[in-house]
Amino acid sequence: MICSERGKIMKKIYLIGFMGSGKSAIGRRLSFLLKIPYYDMDQEIMKKMGMSIPEIFERYGEPFFRQQEHEFLKTFRDEWCIVSTGGGVAVNPSNSKLMRQTGLVLFLDATFADIWKRIHRDLNRPIVQSSTREELESLYTTRKRIYKSAAHILIRTEGRTLRQITEYAAFQVNRLKSNDY
Ligand code: S3P
């Protein structure tokens, strides 16, 4: 059992970080390794809305999508599980506060060069579609500071395999499980 500063029971493991930092890939592997359920926040929102992320952005706009992310965090089942978040989730301070109060927050810190390689052709990410490389890099720099301060643990991914990153994340979870922090 993990306890927060306020003695609350911590049940979730949140993965935060920029688009393309590997949150979903690591979340799935960590779930397998630790044998606890895994949820992808974007997938859950898509399921609830019955449409893709680009469709939600197009039809209802970004502020509505951000509201859905916040609702998800507030209402999602109270169980020991892994949640990979969308890259914009931690930007809202009340989301970060909620995550820190209800779980362990792991920041996957990837370089912009790696991220760009993975996301620049992705049609499913509206923010990538509507931004230049320079704009994305500047968003990356701004958000990196936010991810750092929202997270309990920072995990550098550069030069590491998915397996190494997953094992390191599992080590941190197991280490903190028995500690107050
Ligand atoms: C977003 C990241 C996406 C998705 C949406 C907005 C963002 O999730 O939630 O396209 O603002 O960074 P991933 O980080 O899983 O790509």
Side-chain angles (χ1 to χ4, degrees), residues 12-32 37-76 81-100 103-151 153-158 162 165-166 169:
K12 297 188 174 73
I13 298 162
Y14 295 101
L15 293 169
I16 68 167
F18 206 71
M19 295 173 274
S21 56
K23 292 163 295 185
S24 308
I26 298 298
R28 278 193 299 270
R29 283 166 176 79
L30 195 56
S31 158
F32 185 74
Y38 165 71
Y39 301 96
D40 180 309
M41 196 189 268
D42 280 343
Q43 296 291 335
E44 296 299 317
I45 293 174
M46 287 193 286
K47 232 193 282 172
K48 177 180 162 198
M49 298 297 300
M51 58 183 92
S52 69
I53 302 291
E55 278 168 348
I56 301 173
F57 268 66
E58 172 138 357
R59 204 186 283 186
Y60 300 107
E62 185 176 342
F64 174 85
F65 176 71
R66 299 302 174 200
Q67 188 55 37
Q68 295 305 306
E69 292 181 317
H70 184 65
E71 282 301 311
F72 172 92
L73 279 181
K74 274 205 318 203
T75 58
F76 194 58
C81 64
I82 298 166
V83 177
S84 70
T85 65
V89 170
V91 174
N92 176 343
S94 62
N95 289 346
S96 289
K97 192 171 165 206
L98 252 166
M99 290 191 285
R100 287 183 66 95
L104 179 65
V105 185
L106 308 179
F107 165 34
L108 292 185
D109 182 15
T111 63
F112 183 73
D114 281 347
I115 282 174
W116 176 252
K117 269 187 247 157
R118 294 177 197 143
I119 67 173
H120 73 282
R121 289 211 184 92
D122 194 337
L123 300 176
N124 271 314
R125 289 179 163 116
I127 302 219
V128 175
Q129 288 302 306
S130 62
S131 312
T132 62
R133 181 185 167 130
E134 288 66 35
E135 284 164 347
L136 273 180
E137 186 157 15
S138 138
L139 186 65
Y140 166 87
T141 308
T142 310
R143 283 187 177 178
K144 188 167 169 157
R145 277 193 294 272
I146 300 172
Y147 299 139
K148 269 189 184 166
S149 66
I153 302 286
L154 180 151
I155 300 177
R156 287 205 178 83
T157 64
E158 190 182 15
L162 284 174
I165 300 163
T166 308

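We number each residue from 1, following the sequence as shown. In listed order, ligands and their atoms are each counted from 1. All values reported here derive from a predicted model rather than from experimental measurement.
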What protein heavy atom is closest to atom 14 (O) of ligand 1, reported as residue, atom name and distance in Å?
->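 Of every protein heavy atom, K23 NZ, 2.5 Å lies nearest to atom 14 (O) of ligand 1.
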Heavy atom of the protein closest to atom 16 (O) of ligand 1 (residue, atom name, distance) =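 The answer is R125 NE, 2.6 Å.
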If you draw a 6.0 Å radius around [atom1] in [X], do more than 12 non-hydrogen atoms from other residues or ligands fall strictly inside?
| X | atom1 | answer |
| --- | --- | --- |
| R118 | CZ | yes |
| F64 | CZ | yes |
| E71 | CD | yes |

Near I127, which atoms of ligand 1 are under 4.0 Å from a heavy atom of that residue?
->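 Going through ligand 1 atom by atom, the ones under 4.0 Å from I127 are 11 (O).
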Check ligand 1 against R143 and write out every atom of the ligand that is under 4.0 Å from a heavy-atom position of the residue.
->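 Atoms satisfying the 4.0 Å criterion: 7 (C), 11 (O), 12 (O).
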Aromatic ring pairing Y147/F18, orientation class (parallel under 30°, perpendicular over 60°, tilted between) |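 If you compare the ring of Y147 with that of F18, the planes turn out perpendicular.
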If you measure from [atom] to every heavy atom of [options], which option wins on shortest distance?
| atom | options | value |
| --- | --- | --- |
| atom 1 (C) of ligand 1 | G87, P126, G22, S24 | G87 |
| atom 11 (O) of ligand 1 | M41, R66, E62, M46 | R66 |
| atom 9 (O) of ligand 1 | D42, I16, L136 | D42 |

Can you tell me if Y38 and S84 form a side-chain donor-acceptor pair at under 3.5 Å?
->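 Note: Y38 and S84 side chains meet the donor-acceptor criterion.
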side-chain hydrogen bond (donor to acceptor under 3.5 Å, both in side chains) partner of R66, chosen from Q68, H70, E62 |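 Checked Q68, H70, E62 against R66; only one passes side-chain hydrogen bond (donor to acceptor under 3.5 Å, both in side chains): E62.
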